[in-house]
Amino acid sequence: FKGRPLADWALKAALASGLERVVFVTRPALAQALEASDPRLRVVLNPAPELGQSLSVKLGLSCLEQGFSHALFLLADQPLISAGLINKFVVLAKEGVELAALAEGGRLSPPALFSSVYFSELSEMEGDQGGRSLLGKYADQVRPVAPLRPGQGADVDLPGDLKVMEDIEDQTAGLRACLGLGPAELVSLVGAGGKTGLMAALAAGLGRTGAKVLCTTSTRIFLPEGPVLLAAEEERLLKEVGLALTPGQPLTIGAGLEPAGRRQKVVGLLPDTLDRLWLSGVADYLLVEADGAKGLPLKAPREHEPVIAQETTVVVGVLGLGVLGRLAREDTVFALKEFCQITGAEPGRTVSPRHLAALIRHPEGLFKNAPAGARRIAFLNQCDLPGAEAGAREVKALLAETSPQLRLVLASLQDESCQVLQPG
């Protein structure tokens with residue numbers, strides 16, 4: 001599918017998700033061809049695939065110790081499955097849901113989630129029976145999960161199915177197309193309201209194309225899932241990145257770790273180091289979180305912010321539409337004083353679309369410190385919230401005359417949806 005083995009698409013989605021372990025049951029030749037490496041990945045060779053799905057199910061379950069509460073079954077011929085969809089099942093597992101499956105067109109299909117209550121029954125199946133037979137048996141107990149985008153429940157059985165999948169993929173090309181990214185970009189993410197989520201989603205999407213993707217920060221970010229390379233010495237980092245980075249598997253890099261409550265944060269890299277790293281050509285995409293906002297939906301840059309590498313080709317300014325209609329306070333707007341100075345908002349008064357438009361176009365606002373040659377994209381996130389899309393379209397109208405060159409994207413990282421409001 002699009003030049004890569006079908007299984008590679010599903011496997012990359014699984015490894016980009018929050019799953020604690022990924023068990024890949026396959027043939028020896030395919031396992032060798034994919035060359036996937038991740039500390040969470042275990043490859044199990046199926047010696048007799050002709051015996052049917054039940055053997056694959058048993059082999060997969062055999063890799064789970066007693067402490068695992070759930071297993072999520074994925075099919076290798078569903079290339080449009082995404083990490084975001086998989087994470088919806090991870091959340092259900094943490095909530096204690098015992099049975100769940102993708103529901104599309106009145107039909108239950110994989111991905112399918114089973115709690116350990118059903119492990120013994122799954123292990124007793126024979127022949128070409130998979131989890132689908134249990135879904136039918138316990139249909140009234142299954143929690144349905146809606147797909148995040150078209151085609152995620154479809155699988156590929158015939159050559160004609162590939163063309164259908166390609167058409168769907170082209171129509172829902174996702175973040176890379178909405179952002180207008182080329183084959184190689186240094187992307188700096190600034191603002192608030194979804195930078196970390198955007199970087200994770202963008203990295204996963206670019207990884208699905210087989211690109212070499214590096215993720216990092218010029219400030220601090222929470223330690224993400226997946227491979228991480230840390231080196232305090234710049235020369236060592238630049239040397240080891242080339243050895244650690246593999247096509248299709250995003251790699252997070254940083255100078256070290258520091259405690260952040262019960263979690264850890266990756267210490268960022270200096271702008272000069274980011275420039276050298278990019279100019280080395282080691283990666284197709286270098287994604288940098290260049291701003292911090294303590295999880296708030298909106299921010300204005302302070303005097304020393306944002307920290308953007310000069311070789312940046314694209315600056316994506318993120319704004320959380322969930323702030324519209326809320327009061328401008330310290331718990332909703334990071335750097336409230338600067339925000340009010342830039343936008344004319346008043347502390348304790350409602351944040352409106354005109355304030356977002358002012359923040360976007362002001363030279364000391366969202367795109368402060370953006371290199372002169374970098375393309376600018378305003379990423380309006382959280383359009384799934386009530387009234388958010390209408391507010392975004394008002395922002396577009398306010399910017400249409402003053403900033404026609406600006407690319408404006410309306411998105412919901414929660415729903416994995418995006419559209420271009422203003423091409424720029």
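- In this structure, CZ in F222 is found 12.0 Å from OG1 in T217, a value given to the nearest 0.5 Å.
- A salt bridge between K195 and D291 is absent, with no side-chain N of the basic residue lying under 4.0 Å from a carboxylate O of the acidic one.
- Two residues are said to be in side-chain contact when any heavy atoms from C-beta on lie closer than 4.5 Å; V213 and D284 fail this criterion.
- Of the inter-residue distances, the one linking E289 atom CD with T252 atom OG1 reads 10.5 Å to the nearest 0.5 angstrom.
- The closest donor-acceptor contact from the side chain of H362 to the backbone of L359 lies at 3.5 Å or more, if one exists at all.
- Between E185 and R176 no salt bridge is recorded (no basic side-chain N to carboxylate O distance below 4.0 Å).
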Handout entry: Worked check of side chain to side chain contact (heavy atoms under 4.5 Å, CB included) between L198 and V318
Key = CA-CA 9 Å; L198 175 57; V318 182; 3.9 Å; yes
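- Scanning both residues, V351 and L327, for their nearest heavy atoms gives CG2-C, 4.4 Å.
- You'll find the side chain of P297 reaches within 4.5 Å of the side chain of R326, heavy atoms only.
- Residues meeting the side chain to side chain donor-acceptor pair (under 3.5 Å) test with E126, sequence neighbours left out: K58.
- Using a distance-only test at 3.5 Å, with no hydrogens or angles considered, a donor-acceptor pair links the side chain of R40 to the main chain of L19.
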Problem - Audit row: E330, K294, salt bridge (Lys or Arg N to Asp or Glu O under 4.0 Å) steps and yes/no - result: CA-CA 11 Å; E330 297 284 354; K294 295 185 178 179; over 6 Å; no
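- Side-chain contact check for L421 versus R393: some heavy-atom pair is nearer than 4.5 Å.
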Practice task
Take L122 and F73 through the side chain to side chain contact (heavy atoms under 4.5 Å, CB included) test and state the conclusion after the steps.
Solution key: CA-CA 11 Å; L122 286 166; F73 288 90; 3.8 Å; yes
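- In terms of heavy-atom proximity, L251 sits nearest to A244 at CD2-CB, 3.9 Å.
- The side-chain hydrogen bond (donor to acceptor under 3.5 Å, both in side chains) test with E258 singles out one residue from K265, R220, Q264, and that residue is R220.
- Looking only at distances, a side-chain donor or acceptor of T313 sits under 3.5 Å from a matching main-chain atom of L186.
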Which atom pairs, donor and acceptor, lie under 3.5 Å between side-chain atoms of residues 84-98 and protein residues at least two apart or in another chain?
| unit_1 | atom_1 | unit_2 | atom_2 | d |
| --- | --- | --- | --- | --- |
| N87 | OD1 | G18 | N | 2.7 |
| N87 | ND2 | A83 | O | 3.3 |
| K88 | NZ | A146 | O | 3.4 |

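- In this structure, E240 places its CD atom where more than 12 heavy-atom neighbours from other residues, nucleotides or ligands lie under 6.0 Å away.
- S188 places no side-chain N or O within donor-acceptor distance of the main-chain N or O of I308, the cut-off being under 3.5 Å.
- Listed for the K299 side chain is a donor-acceptor partner under 3.5 Å among the backbone atoms of G292.
- Looking at W278, its side chain never comes within 3.5 Å of a backbone N or O of L286 through a donor-acceptor pair.
- A donor-acceptor distance shorter than 3.5 angstrom exists from the side chain of Q422 to the backbone of S403, with no hydrogens or angles considered.
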Donor-acceptor pairs under 3.5 Å, side chain of residues 107-115 to any protein atom, not counting sequence neighbours: which ones?
| unit_1 | atom_1 | unit_2 | atom_2 | d |
| --- | --- | --- | --- | --- |
| S115 | OG | V117 | N | 3.3 |

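- You'll find the side chain of V288 stays beyond 4.5 Å of the side chain of T312, heavy atoms only.
- In the displayed structure, E20 atom CD is contacted under 6.0 Å by at most 12 heavy atoms of other residues, nucleotides or ligands.
- Put simply, CD on E305 and NZ on K368 are 7.5 Å apart, with the number rounded to the nearest 0.5 Å.
- Within the 4.5 Å cutoff, side-chain heavy atoms of P47 are placed close to those of L59.
- When all heavy atoms are compared, the tightest approach of A48 to L55 is O-CD2, 3.5 Å.
- The line from CD of Q405 to CG of L399 is 9.5 Å long, rounded to the nearest 0.5 Å.
- Looking at every heavy atom in both residues, G191 comes nearest to L366 through CA-CD1, 3.8 Å.
- Across every non-hydrogen atom of A309 and P371, the tightest pair is O-CG, 3.7 Å.
- Taking 4.5 Å as the limit, every side-chain heavy atom of L223 sits out of range of all side-chain heavy atoms of R263.
- A side-chain contact (heavy atoms from CB on, under 4.5 Å) with F1 is found for exactly one of L6, D77, V156, namely L6.
- Under the side-chain contact (heavy atoms from CB on, under 4.5 Å) test applied with L324, the options L385, V395, L356, L380 reduce to a single match, L356.
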Problem - Trace of the side chain to side chain contact (heavy atoms under 4.5 Å, CB included) decision for T216 with L277 - result: CA-CA 11 Å; T216 189; L277 186 63; 5.7 Å; no
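- L321 and A392 make their closest contact through CD1-CB, 3.9 Å (heavy atoms, listed as atom of the first residue, atom of the second, distance).
- For the atom pair CD1 (I342) and CZ (R361), the distance works out to 12.5 Å, reported to the nearest 0.5 Å.
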Exercise for the section: Start with the C-alpha gap between L179 and L202, add the side-chain angles, then the distance that decides, and say whether side chain to side chain contact (heavy atoms under 4.5 Å, CB included) holds. Expected result: CA-CA 10 Å; L179 297 178; L202 187 55; 4.0 Å; yes
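- Residues that satisfy the ring-ring contact (aromatic ring centres under 6.0 Å, His included) test with Y138, not counting sequence neighbours, are Y118.
- In this view, R143 satisfies the salt bridge (Lys or Arg N to Asp or Glu O under 4.0 Å) rule with no residue, not counting sequence neighbours.
- In this structure, the separation between SG on C418 and CG on L413 is 9.0 Å, given to the nearest 0.5 Å.
- Considering only heavy atoms from C-beta on, R407 stays 4.5 Å or farther from R375 through its side chain.
- Atom CD of Q66 has 12 or fewer heavy atoms from other residues, nucleotides or ligands within 6.0 Å.
- Among residues two or more places apart in sequence or in another chain, the side chain to side chain donor-acceptor pair (under 3.5 Å) test is passed with N369 by none.
- Taking 4.5 Å as the limit, every side-chain heavy atom of F379 sits out of range of all side-chain heavy atoms of L189.
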